[in-house]
Amino acid sequence: MKLSKLFHVLGAMVGLIGVGALFSAWIAGENSTMFGFTQAHLFNDATVLVLIAIWMNFATIHHMKLEEKGEVI
């Protein structure tokens with residue numbers, strides 16, 4: 001399996017988990033919890049997970065360019 005395809009799949013999965021954390025935070029409300037996590041914790045998780053997903057998609061683009069040149073790592 002090419003690294004670009006792996007990074008693409010992982011980035012999509014992490015992004016979906018991040019969006020799920022964001023919706024969970026909205027559902028949890030201010031003084032409540034969801035799955036044992038507070039709203040602030042879920043918002044922080046969502047932020048980090050979406051940033052990781054963005055980074056993974058930049059890695060996908062980078063590795064696709066390397067594969068075009070024949071420089072497969």
Side-chain angles (χ1 to χ4, degrees):
M1 176 182 257
K2 293 181 180 179
L3 279 178
S4 63
K5 187 173 284 198
L6 177 67
F7 287 148
H8 176 70
V9 170
L10 289 175
M13 288 173 43
V14 170
L16 287 174
I17 294 169
V19 169
L22 180 63
F23 285 136
S24 296
W26 284 336
I27 292 170
E30 274 200 43
N31 296 321
S32 185
T33 61
M34 176 75 70
F35 308 118
F37 299 112
T38 63
Q39 184 185 34
H41 187 133
L42 289 167
F43 275 132
N44 289 335
D45 287 347
T47 302
V48 170
L49 288 169
V50 169
L51 287 173
I52 290 171
I54 291 168
W55 174 76
M56 293 295 288
N57 286 313
F58 279 132
T60 299
I61 294 168
H62 173 71
H63 280 276
M64 285 175 62
K65 293 295 182 183
L66 287 177
E67 290 166 0
E68 285 177 4
K69 294 180 182 177
E71 300 175 18
V72 179
I73 297 174

* Quick one: closest heavy-atom pair of Thr60 and Ser4, and the distance? =>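 That closest heavy-atom pairing would be CG2-O, 3.5 Å.
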* To do: Please name the pair of heavy atoms, one in Gly11 and one in Ala53, separated by the smallest distance, quoted to 0.1 Å.
  =>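 Between these two residues, the closest heavy atoms are O-CB, 3.4 Å.
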Could you grab the distance from atom [atom1] of [X] to atom [atom2] of [Y], nearest 0.5 Å is fine?
X	Y	atom1	atom2	value
Glu68	Met64	CD	CE	6.5 Å
Asn57	Ile52	CG	CD1	12.0 Å
Leu49	Met56	CG	CE	12.0 Å
Leu3	Glu67	CG	CD	7.0 Å
Phe37	Ser32	CZ	OG	14.0 Å

[Y] reachable from [X] in the ILVMFWY side-chain graph, under 4.5 Å edges:
X	Y	result
Phe43	Leu51	no
Ile27	Leu42	yes
Leu6	Trp55	yes

* Asked: Do Trp26 and Phe23 have ring centres separated by under 6.0 Å?
  ->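 Yes, close enough.
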* Asked: Does atom CE of Met34 have more than 12 heavy-atom neighbours, drawn from other residues, nucleotides or ligands, at distances under 6.0 Å?
  ->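 Yes.
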* Asked: With side chains defined as the heavy atoms from C-beta onward, is the minimum distance between Phe58 and Ile54 less than 4.5 Å?
  ->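 Yes, close enough: below the 4.5 Å cut-off.
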* To do: Apply side-chain contact (heavy atoms from CB on, under 4.5 Å) to His8 and Lys5, showing your working.
  => CA-CA 5 Å; His8 176 70; Lys5 187 173 284 198; 5.6 Å; no
